[in-house]
Enquirer: 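Take a look at the following structure, please.
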There are 2 protein chains.
Amino acid sequence: MAKRGDATRKKIQDAAEELFAARGFYGVTVREITRLAGVDTALANYYFGSKKNLFDSVLLRRAEGLNEARLKALEDVEREAGDNPPDLERVIDAFTHPLLDRSERGGPEWKSYFALIAQVNNSPEWGGRMMTEYFDPLVRRFIAAIKRALPNTPDEEIYWAYHFLSGALVLTFAETGRIDNLSDGLCRSSDLESVHRRLPPFIAAGFRALKERDNEKP
Amino acid sequence: MAKRGDATRKKIQDAAEELFAARGFYGVTVREITRLAGVDTALANYYFGSKKNLFDSVLLRRAEGLNEARLKALEDVEREAGDNPPDLERVIDAFTHPLLDRSERGGPEWKSYFALIAQVNNSPEWGGRMMTEYFDPLVRRFIAAIKRALPNTPDEEIYWAYHFLSGALVLTFAETGRIDNLSDGLCRSSDLESVHRRLPPFIAAGFRALKERDNEKP
DNA sequence: GTCTATAGCTTGATAGAC
DNA sequence: GTCTATCAAGCTATAGAC
């Protein structure tokens, strides 16, 4: 049922994704977007109504399928665990791997998308509202699984640990080249495979440390 | 030796800090800044030459004193350790506490400054260059201390673990309200004291997990 | 659906009076 | 040092021809 203007619509979204990812919402003009897309300027407003609507549509476009894939990964981990608590590291991997995998192997559009998420996530203006809107149902599902993996851990510790996980994961997507500079080239921002190997054990150990820290209280 | 125009200069920087923190470089106009500062529009260009220069000056303004305080905190930890390796958790605390403390107790200008850092850090356009420029010498000093605290850990693990630390810390500064939504009010973005108590043990456990992970290799 | 043309504003920056 | 006045450029958004 592909309509006539669907290709144009997609070209505009693709160009918007790339440019918003690089310079954020205000750093890009509608004219730049349509120029990169190779279509007339007026078409951006024809299809999306406003620049802000276009921005939202770009963020929303990949969120749904992404969340489905992550939910499926979590369900696989839980099914294998059966009646036992799921393994914490595997839960975290189900949360992060579908993202890292698409950024690494999904082509440049996915890289742009995640770089855009990295900016939105750390924006006081949009981070709270947009990330909540697009990702909270899934995140709540994961937090429930983490609670089963770490019984007797106070909720507060779980939420703060999730916050640290979110920050570490999302900075990765920005691929700013900072770690390249800092390590004099030993590590590369673009090497998401390295993150995939290290992030789950790193974060799982952090979660367990907060649990222990709490159990030691008088 | 306070010159005549120093007060105006500071008013412009203060207003710029607040607005850039909220909406980023492109999301703010010079006119808005000078309006909030209560001075004439032309003075921003008179004192700073360009909008970009003003932005840079705002970032630089607090960086130097901040790095001095963090270096002093690290030196205190190292002095107490004497010839022994310093305690990892205390090294991380020396890295993070001067920041969290100023954001929590330094007044709204410090809050704005760190929120601005949170945006710059995750920006593909500026994150790599600016953070490297303003903070790398200090970060390299801390990484050397972490290496002493965790002997026989491959450098690659250290750099990636630092990357995760940076992401977790810096998302905190954005104070987006996301954790408030997610936890239904149990945790608050603005509660940096909670982060101060949890971040060092969380991150230290992560560092150790990467070290172990590597030692287990065949 | 796509284009031209343009309305109506705002932008960063500066020249020059005081 | 501070202000008014203004420039040239660019902005989002839309009306209307095709």
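Numbers restart at 1 for each chain; the letters A, B, ... are given by sequence-line order, proteins then strands.
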Enquirer: Taking the nucleotide of DNA chain D with the closest heavy atom to each, which residue, B:G5 or A:A42, is nearer the 5' end?
Expert: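 Nearest-nucleotide comparison on DNA chain D picks B:G5.
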
Enquirer: I need the CZ-P distance between B:R31 and D:dC7, as an integer number of Å.
Expert: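 To the nearest whole Å, that distance equals 13 Å.
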
Enquirer: Nearest-Å distance, OH (A:Y26) to P (D:dC11)?
Expert: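 Value for this atom pair: 16 Å.
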
Enquirer: Check this for me: does any side-chain nitrogen of one of A:E32 and A:R23 sit under 4.0 Å from a carboxylate oxygen of the other?
Expert: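 Yes, A:E32 and A:R23 are salt-bridged.
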
Enquirer: Is the ring centre of B:Y26 less than 6.0 Å from the ring centre of B:W126?
Expert: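 Under 6.0 Å, so yes.
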
Enquirer: Would you compute the distance between atom CZ of B:F55 and atom NZ of B:K51 and round it to the nearest 0.5 angstrom?
Expert: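 Output value for this atom pair is 9.5 Å.
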
Enquirer: Determine the contact category for A:S50: base if any of its heavy atoms lies under 4.0 Å from a base atom, sugar-phosphate if only primed atoms, P, OP1 or OP2 are that close, otherwise nothing.
Expert: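 A:S50: backbone/sugar contact only, no base atoms under 4.0 Å.
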
Enquirer: Could you state the atom-to-atom distance from CZ of A:R23 to P of D:dC11 in whole Å?
Expert: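 Roughly 11 Å, once rounded to whole Å.
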
Enquirer: Test A:Y162 against every option in A:F135, A:F95, A:F207 by the ring-ring contact (aromatic ring centres under 6.0 Å, His included) rule and name the one that passes.
Expert: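 It is A:F95; the other options fail the test.
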
Enquirer: Checking all strands, does A:Y46 fall into the base, sugar-phosphate, or nothing category for heavy-atom contacts under 4.0 angstrom?
Expert: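 Base, at least one base atom sits under 4.0 Å.
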
Enquirer: Taking any atom under 4.0 angstrom from a heavy atom of chain B, which nucleotides of DNA chain C are the first and last to qualify, 5' to 3'?
Expert: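 Boundary nucleotides touching chain B, in 5' to 3' order, are C:dT11 to C:dT14.
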
Enquirer: Where do B:V39 and B:I12 land on the side chain to side chain contact (heavy atoms under 4.5 Å, CB included) test, with the steps shown first?
Expert: CA-CA 8 Å; B:V39 306; B:I12 294 170; 3.8 Å; yes

Enquirer: Would you indicate what B:T8 reaches in the nucleic acid, counting non-hydrogen atoms under 4.0 angstrom: base, sugar-phosphate, or nothing?
Expert: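 Sugar-phosphate: the residue B:T8, judged by heavy atoms under 4.0 Å, touches backbone atoms but no base.
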
Enquirer: Using whole Å, report how far CD1 of A:I33 lies from P of D:dC11.
Expert: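 It works out to 11 Å between those atoms.
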
Enquirer: Whether B:R90 and B:D93 form a salt bridge (side-chain N of Lys/Arg under 4.0 Å from carboxylate O of Asp/Glu) is what I want to check.
Expert: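 Judged by the 4.0 Å cut-off on N to carboxylate O distance, B:D93 and B:R90 do not form a salt bridge.
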
